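Shown next, in structure tokens, is the structure this report addresses.
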Amino acid sequence: MKITVVGAGAVGATTADNIIRRELAEEVVLLDIKEGVSEGKSLDMYQTAALLGFNTKPVGSTNDYEKTKGSDVVVITSGLPRKPGMTREELIGINAGIVKGVTENILKYSPDAIIIVVSNPMDTMTYLALKESGIAKEKLIGMGGALDSARFKTYLALAMNVSPLDIHGMVIGGHGDTTMIPLTRLATYNGLPVSNFLSTDELEKVAADTMVGGATLTKLIGTSAWYAPGAATLLLVESIVRDQKRIVPCSVYLEGEYGQNDICMGVPVVLGRKGWEKIIPLELTDSEKAAFEKSAEAVRSMNGALNL
Ligand SMILES: NC(=O)c1ccc[n+]([C@@H]2O[C@H](COP(=O)([O-])OP(=O)(O)OC[C@H]3O[C@@H](n4cnc5c(N)ncnc54)[C@H](O)[C@@H]3O)[C@@H](O)[C@H]2O)c1
Ligand SMILES: O=C(O)C[C@H](O)C(=O)O
């Protein structure tokens with residue numbers, strides 16, 4: 001197994017570090033355009049092998065795609081992160097060119113790779129990568145819902161003063177401050193509805209905090225987050241590599257599912273060795289359906305800016 005992570009910045013390096021610690025591949029290539037950075041970070045990571053006990057070898061590459069040849073899974077994190085006060089959508093101008101170029105280069109050397117897109121605005125970047133590459137839709141997966149769902153569970157656990165491990169819940173829709181849809185109605189505390197434990201006002205606050213989860217961290221840190229994004233990306237990579245068939249909300253190409261066509265946005269999918277293997281249908285209420293429709297309109301209008 002060979003995995004490539006493009007972009008050796010905060011999210012890319014954290015993702016690569018998580019992957020090597022879990023020994024998900026023999027080799028993990030970390031590629032960046034900045035001279036020496038990916039080589040340096042890879043060597044730094046490898047120097048933890050003797051301390052932490054793993055055998056996966058990280059390899060750095062300054063924009064040399066030959067080194068990525070034959071990758072089974074590729075994670076694209078290259079691109080600008082937002083600054084406080086910005087939306088993810090404002091990154092489209094620069095990141096679209098980066099994601100398009102990276103996808104082309106990756107496919108030259110790894111035509112069969114499963115590609116996970118992290119760069120923002122993620123739903124639109126996933127759509128762009130799919131349209132530009134023409135690869136099978138099952139092999140193109142946008143990471144957003146895994147992260148948003150982890151934040152949702154964290155805010156629920158904090159409000160209930162319980163372990164996040166005992167909380168189940170999903171966020172679907174677009175990965176944007178106003179487009180994501182925390183499914184509060186379906187969230188549980190070990191099978192019990194969270195509404196048994198929190199008031200409507202408390203649940204509304206959890207949902208609102210979840211939706212601006214990324215913006216909150218960006219304001220605190222001065223750039224966007226990387227620990228939870230790197231862990232959420234690991235969840236996708238691990239389910240694919242180990243064929244775990246986990247159900248994870250991911251941005252995938254919809255052809256009629258959830259009433260949408262020709263768009264990538266977050267829905268629960270089963271992740272396995274072939275990529276996303278199945279979309280899980282959910283019985284949404286009328287207001288959840290309306291929120292999904294509104295979210296799709298916003299994502300679609302962003303896709304329109306790509307002029308494909
Ligand atoms: N989908 C999500 O849930 C999620 C979560 C966190 C961050 N993000 C997004 O991920 C992206 C990366 O965030 P970050 O915090 O790691 O940023 P960062 O600035 O720390 O790292 C980005 C890296 O990409 C590299 N890069 C730029 N152009 C490149 C190219 N053409 N080829 C290879 N590398 C290139 C840069 O040199 C830099 O090292 C941003 O767009 C951010 O918004 C998405
Ligand atoms: O908030 C951001 O811009 C980065 C990422 O999409 C996140 O949710 O952490």
Side-chain angles (χ1 to χ4, degrees), residues 4-17 29-42 60-65 67-68 74-106 116-126 128-129 141-152 154 171 173-180 182 209-236 248-251 264-266:
T4 286
V5 179
V6 183
V11 178
T14 306
T15 300
D17 196 33
V29 179
L30 186 60
L31 182 146
D32 203 285
I33 41 166
K34 283 188 204 148
E35 188 73 42
V37 169
S38 57
E39 286 86 346
K41 290 198 180 184
S42 297
S61 165
T62 303
N63 221 24
D64 176 4
Y65 281 83
K67 287 193 180 160
T68 69
V74 175
V75 180
I76 301 179
T77 75
S78 45
L80 285 191
R82 62 173 155 168
K83 294 253 174 277
M86 286 174 77
T87 64
R88 298 175 179 89
E89 286 74 13
E90 286 173 71
L91 302 168
I92 190 173
I94 293 184
N95 287 357
I98 293 175
V99 170
K100 185 170 179 286
V102 166
T103 308
E104 281 165 8
N105 283 325
I106 281 296
I116 298 174
V117 178
V118 177
S119 313
N120 273 316
M122 182 277 296
D123 299 287
T124 296
M125 293 302 101
T126 305
L128 171 68
I141 303 163
M143 193 293 288
L147 171 63
D148 302 331
S149 302
R151 288 183 176 146
F152 183 38
T154 307
V171 177
H175 176 62
D177 295 344
T178 57
T179 58
M180 65 183 80
D209 287 348
T210 301
M211 291 176 76
V212 295
T216 301
L217 292 170
T218 303
K219 196 171 163 208
L220 289 167
I221 304 171
T223 183
S224 57
W226 58 89
Y227 293 117
T233 309
L234 173 72
L235 170 66
L236 272 62
V248 185
C250 293
S251 188
C264 290
M265 56 189 292

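No experiment lies behind these values; they were computed from the predicted model shown. In this chain, residues are counted from 1 in sequence order. We count ligands from 1, going down the list as the structure has it; atoms in each ligand are counted the same way.
Below 3.5 Å of separation, one finds an N or O of Leu80 facing an N or O of ligand 1. Any N or O atom pair closer than 3.5 Å counts here, and Thr223 shares no such pair with ligand 1. Taking distance alone, with nitrogen or oxygen atoms compared against 3.5 Å, Met143 approaches ligand 1 more closely than that limit.
At a heavy-atom distance under 4.0 Å, no atom of Met143 approaches ligand 2. With a heavy-atom cut-off of 4.0 Å, Leu217 does not touch ligand 2 at all. Neither the backbone nor the side chain of Val37 comes within contact range of ligand 1; no heavy atom lies under 4.0 Å. Within the 4.0 Å heavy-atom criterion, neither part of Asp148 lies near ligand 2. Contacts of Met122 with ligand 2, taken as heavy-atom pairs under 4.0 Å, are absent altogether.
Annotation: atom 44 (C) of ligand 1 to nearest protein heavy atom, Val118 O, 2.9 Å. Among protein heavy atoms, atom 17 (O) of ligand 1 sits closest to Pro81 CG, 3.4 Å. Shortest contact from atom 20 (O) of ligand 1 to any protein heavy atom: Ala10 N, 2.9 Å. The protein non-hydrogen atom at the shortest distance from atom 9 (O) of ligand 2 is Arg151 NH2, 2.8 Å. Counting only heavy atoms of the protein, atom 21 (O) of ligand 1 lies nearest to Gly9 CA, 3.2 Å. Of all protein heavy atoms, the one lying nearest to atom 23 (C) of ligand 1 is Asp32 OD2, 3.6 Å. For atom 3 (O) of ligand 2, the closest non-hydrogen atom of the protein is Arg82 NE, 2.5 Å. What sits closest to atom 12 (C) of ligand 1 on the protein, heavy atoms only, is Thr77 O, 3.0 Å. The protein heavy-atom contact nearest to atom 16 (O) of ligand 1 is Val11 N, 2.9 Å.
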Checklist line | Derivation of the side-chain contact (heavy atoms from CB on, under 4.5 Å) call for Leu236 and Cys250 | finding: CA-CA 9 Å; Leu236 272 62; Cys250 293; 3.9 Å; yes
Next item on the list: Apply the test side-chain contact (heavy atoms from CB on, under 4.5 Å) to residues Thr77 and Val5: give CA-CA distance (whole Å), side-chain angles for both, the deciding distance (0.1 Å), then the verdict.
Entry: CA-CA 7 Å; Thr77 75; Val5 179; 4.3 Å; yes
Next item on the list: For Val6 and Tyr65, run side-chain contact (heavy atoms from CB on, under 4.5 Å): C-alpha distance rounded to whole Å, both residues' side-chain angles, the deciding distance at 0.1 Å, then the answer.
Entry: CA-CA 10 Å; Val6 183; Tyr65 281 83; 4.1 Å; yes
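Every heavy atom of Arg88 sits 4.0 Å or more from the atoms of ligand 1. Put simply, part of Ala225 is less than 4.0 Å from ligand 1, judged by heavy atoms.
Distances below 4.0 Å separate heavy atoms of Leu147 from the following atoms of ligand 1: 3 (O), 5 (C). The distance from ligand 1 to the heavy atoms of Met122 drops below 4.0 Å at these ligand atoms: 1 (N). Heavy-atom contacts of Asn120 reach the following atoms of ligand 1: 4 (C), 8 (N), 9 (C), 41 (O), 42 (C), 43 (O), 44 (C) (cutoff under 4.0 Å). Of all the atoms in ligand 2, the ones that sit under 4.0 Å from a non-hydrogen atom of Ser224 are 2 (C), 3 (O), 4 (C). Close approach to Pro229 involves these atoms of ligand 1, each under 4.0 Å from a residue heavy atom: 5 (C), 6 (C). Atoms of ligand 2 found under 4.0 Å from any heavy atom of Arg88, numbered from 1 in the order shown, are 1 (O), 2 (C), 3 (O), 5 (C), 6 (O), 7 (C), 8 (O). Close contacts of ligand 2 with His175, meaning ligand atoms under 4.0 Å from a residue heavy atom, involve 5 (C), 6 (O), 7 (C), 8 (O). Less than 4.0 angstrom separates some heavy atom of Lys34 from each of these atoms of ligand 1: 37 (O), 38 (C), 39 (O). Set against the non-hydrogen atoms of Asn95, the atoms of ligand 1 under 4.0 Å away are 41 (O). In the vicinity of Leu91, heavy-atom distances shorter than 4.0 Å reach the ligand 1 atoms 43 (O). Ligand 2 places these atoms under 4.0 Å from at least one heavy atom of Leu147: 7 (C), 8 (O), 9 (O). Atoms of ligand 1 lying under 4.0 Å from at least one heavy atom of Ile98, given by number and element, are 28 (N), 29 (C), 30 (C), 31 (N).
Under the 3.5 Å distance criterion, the side-chain polar atoms of Ser38 are matched with a main-chain donor or acceptor of Ser61. Using modelled atom types, one side-chain atom of Asn95 and one backbone atom of Leu80 make a donor-acceptor pair closer than 3.5 Å. Lys41 places a side-chain N or O within donor-acceptor distance of the main-chain N or O of Ala8, the cut-off being under 3.5 Å. Using a distance-only test at 3.5 Å, with no hydrogens or angles considered, a donor-acceptor pair links the side chain of Ser149 to the main chain of Val171. Counting only distance, with no hydrogens or angles, the side chain of Thr179 and the backbone of Gly174 share a donor-acceptor pair below 3.5 Å. Side-chain N or O atoms of Glu39 include one that pairs as donor or acceptor with a backbone N or O of Thr62 at under 3.5 Å.
Counting non-hydrogen atoms of other residues, nucleotides and ligands closer than 6.0 Å to CD1 of Ile94 gives a total of 12 or fewer.
With sequence neighbours excluded, the residues satisfying side-chain contact (heavy atoms from CB on, under 4.5 Å) with Asn120 are Arg88, Leu91, Met122, His175.
Ranked by closest heavy atom to atom 10 (O) of ligand 1, the top entry among Ser119, Gly97, Gly7 is Ser119.
Thr68 is not listed as a side-chain neighbour of Val74, based on a closest heavy-atom distance of 4.5 Å or more.
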